[in-house]
Amino acid sequence: MEKHQQSDSLRYLKILAKQYPTVQSAAAEIIRLQAVLNLPKGTEHFMSDLHGEYEAFLHILNNASGVIREKVDLLFSHTLPASERASLATLIYYTDAKLEEIRESCSDPEEWYRITLNRLLEVCRLVASKYTRARVREALPADFADILDELLHLNYDVRDKGSYYDNIISSVIGVDQADAFIIAVCDTIKRLAVDRLHIVGDIFDRGPRPDIILDRLMEHHSVDIQWGNHDILWMGAAAGSRTCIANVLNNSINYGNLEVIETGYGINLRPLALFANEVYSSVDTSCFRGKASKEHGSEDLSLIARMHKAIAVILFKLEGQIIRRNPSFRMEERLLLDKIDRETKTVTVEGKVYPIRDCDLPTVDPADPCRLSPEEKRLMEQLRFAFQQSEKLQRHVKFLYSKGGMYLCCNQNLLFHGCIPMEEDGSFRAFPFEEGPLAGRAFLDRAEELARQGYYARPGTAERQRGKDFLWYLWCGSNSPLYGRSKMASFERLLIDDPAAWQEKKDAYYRHAVREETCLRILRDFGLGEERSHIINGHVPVKSKDGESPIRANGRLIVIDGGFCRAYQSQTGIAGYTLIYSSYGMRISSHEPFSGVDDAIQHNKDILSTAAIFETADARIKVAETDEGKLMQESIDDLTCLLRAYRDGRIKEHHEALPHRIG
């Protein structure tokens with residue numbers, strides 16, 4: 001066994017020697033990596049529950065939750081008034097628009113360019129100071145990489161260098177490249193201010209344009225996404241799940257947000273409108289008027305209500321079909337269409353009888369309530385085709401699959417959107433998979449496999465169908481770690497007046513996770529639990545106006561859903577939380593509602609934020625203490641073994657080969 005291991009080790013070192021063919025090249029890489037390990041860790045930025053609020057998202061992304069304004073103030077608080085610092089910060093956030101505004105009002109453009117470029121370069125030097133020169137160069141825009149590299153590493157103490165740098169800036173202005181150069185510097189500042197962006201779920205639904213958020217995320221240099229239940233729903237729709245498609249449309253109509261369907265993703269809803277007008281034209285639809293319906297005229301209102309009723313009835317049927325073919329979901333109590341008594345106009349929910357507001361359901365067959373009519377089948381096939389043929393939606397969903405997952409362990413923190421399902425006694429609740437019951441991390445791992453299977457398994461196979469069904473279950477199932485409630489009461493909210501029927505009981509996780517010992521038990525299940533380990537999740541808005549804190553369990557649990565979505569802000573009292581984890585420690589910021597991009601550009605209005613530093617590192621955290629640093633240390637160890645092999649003659653040098661760096 002030992003001889004076999006030695007053989008494998010030597011074989012690996014020979015492969016490594018192709019990248020580092022000499023003692024000098026291997027030693028140089030060890031020196032470089034050890035130097036990087038001693039640099040401060042990069043800044044991580046956490047956001048969650050964006051819910052389509054793209055303007056607020058883009059602003060907080062641009063200002064890095066106040067980090068960039070903090071750098072501007074640090075550099076210029078004693079030399080510039082607050083108004084000029086605000087204008088400089090806005091220029092960094094919205095460079096193109098701010099440049100256009102300044103061009104129209106500036107009396108001496110050349111002088112403004114000279115002063116502004118020097119100030120921006122100071123900011124850029126500050127945010128670049130924690131990185132190696134090679135790392136900074138990777139972040140520079142290609143067109144100006146050489147010039148920026150020179151200007152960012154200036155040394156006025158070197159003779160004649162001062163005039164050299166001044167001449168560079170004069171040349172940039174002289175050849176009419178000042179605007180492009182300012183854009184390049186501002187982009188570099190924003191890129192270096194945050195090393196990695198974490199989105200802890202729920203990009204979709206409620207707000208107007210989640211597609212704009214995803215377009216921007218796809219441009220980001222380093223981002224990961226922990227799926228939320230609203231994201232998983234759209235992923236299921238893109239996979240061709242008719243039930244997920246019906247849910248997406250039901251949500252979009254209910255929240256008065258069809259713009260993302262039609263404008264964002266180019267999905268034609270005319271087939272749904274035609275079907276609704278044909279089947280529900282003389283049917284009561286008063287229960288199905290959406291929340292934002294007052295923005296439309298009376299004719300539009302009537303059509304939208306008919307469309308809403310049509311898709312809601314189809315939704316209840318399709319959900320019933322999934323429940324029947326998946327007994328392991330244990331959701332039989334959600335089979336409600338067959339519990340409607342049309343004579344007494346009542347429905348039985350969880351053993352209790354309620355008056356029902358509307359039982360005029362012309363397509364529901366009492367003998368088989370979950371069966372789609374031929375017309376409904378045809379409509380859903382048309383809608384499925386439209387969702388699967390939306391190039392932009394498919395591109396976005398593939399991005400969610402490639403950059404996302406059910407959870408992430410990163411730098412001793414555990415990120416997930418909803419919960420770890422628990423029993424009332426605080427033990428992990430198991431899901432009865434075919435291969436056996438799974439709980440905790442094992443449950444989430446298997447759930448992710450099925451979620452990927454629902455999109456990537458071969459169409460028409462049992463594996464694909466099972467995966468699509470599980471995508472829907474993750475959206476609303478009673479044991480779903482992304483949903484975390486006993487039921488999704490869409491049926492009850494639409495058709496029953498009694499709020500008692502609407503109750504969606506929270507998973508026991510939310511009661512137990514406020515205790516540090518529970519959080520530590522969860523962290524250990526995921527291989528974490530060190531001094532700096534935390535759980536970071538969203539999903540349930542923190543009602544700060546009622547005194548709720550986002551920091552719980554003695555700092556082990558951080559909930560960063562503070563109401564990004566406007567619909568939640570009356571409950572939370574703020575417009576969202578974001579978290580910053582830098583080399584100095586952790587801080588959480590609460591944000592006031594955003595007044596809009598136009599106001600930000602014209603009046604230099606930032607989002608007012610209140611930051612609370614809740615964990616300060618005893619000493620500045622270095623790259624060596626991060627996941628990236630551990631990988632670098634493994635590379636150093638491997639290269640050290642290679643050096644030893646060169647020196648003891650087991651491997652010979654090849655001086656003609658060229659070295660390549662690891663990582």
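Model, not experiment: these values are computed from the prediction.
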Response to the item:
ring-ring contact (aromatic ring centres under 6.0 Å, His included) filter on F470, not counting sequence neighbours, yields F431, F433, Y473

Item to complete: Kindly write out the residues that satisfy side chain to side chain donor-acceptor pair (under 3.5 Å) with R521, not counting sequence neighbours, or none if the list is empty.
Response: none

Could you pull out every donor-acceptor pair under 3.5 Å between side chains of residues 442-451 and any protein atom, sequence neighbours left out?
| unit_1 | atom_1 | unit_2 | atom_2 | d |
| --- | --- | --- | --- | --- |
| D445 | OD1 | Y407 | OH | 2.6 |
| R446 | NE | E435 | OE2 | 2.6 |
| R446 | NH1 | E449 | OE1 | 2.8 |
| E448 | OE1 | M406 | N | 3.0 |
| E448 | OE2 | R452 | NE | 3.2 |
| E448 | OE2 | R452 | NH2 | 3.0 |

Worksheet item: Does Y54 have any ring-ring contact (aromatic ring centres under 6.0 Å, His included) partners at least two apart in sequence or in another chain, and if so, which?
Response: none

Worksheet item: Taking the side chain from Q388 and the backbone from A239, do they hold a donor-acceptor pair closer than 3.5 Å?
Response: yes

Practice prompt. Report yes or no: is the cationic atom of K398 (NZ for Lys, CZ for Arg) under 6.0 Å from the centre of the six-membered ring of Y456, at an angle within 45° of the ring normal?
Written response: no

Item to complete: Not counting sequence neighbours, which residues clear ring-ring contact (aromatic ring centres under 6.0 Å, His included) with Y265? List them please.
Response: W234, H396

Item to complete: Output the distance between atom CG (L579) and atom CD (E44), rounded to the nearest 0.5 Å.
Response: 9.0 Å

Worksheet item: Does the ring centre of W227 sit less than 6.0 Å away from the ring centre of Y401?
Response: yes

Item to complete: Report the C-alpha separation of H198 and Q226 in whole Å, then their side-chain angles, then the decisive distance to 0.1 Å, and conclude whether the side-chain hydrogen bond (donor to acceptor under 3.5 Å, both in side chains) test is met.
Response: CA-CA 8 Å; H198 306 284; Q226 291 71 61; 5.0 Å; no

Item to complete: Let me see the working for S170 and R114 under side-chain hydrogen bond (donor to acceptor under 3.5 Å, both in side chains), right down to the final yes or no.
Response: CA-CA 8 Å; S170 295; R114 188 179 305 280; 3.0 Å; yes

Worksheet item: Taking only residues two or more places apart in sequence, or in another chain, which ones meet T43 in a side-chain contact (heavy atoms from CB on, under 4.5 Å)?
Response: K130, I580, S582

Discussion item. I want to know whether H59 and Y94 have ring centres closer than 6.0 Å.
Written reply: yes

Worksheet entry | Donor-acceptor contact below 3.5 Å, side chain D211 vs main chain L393 | no

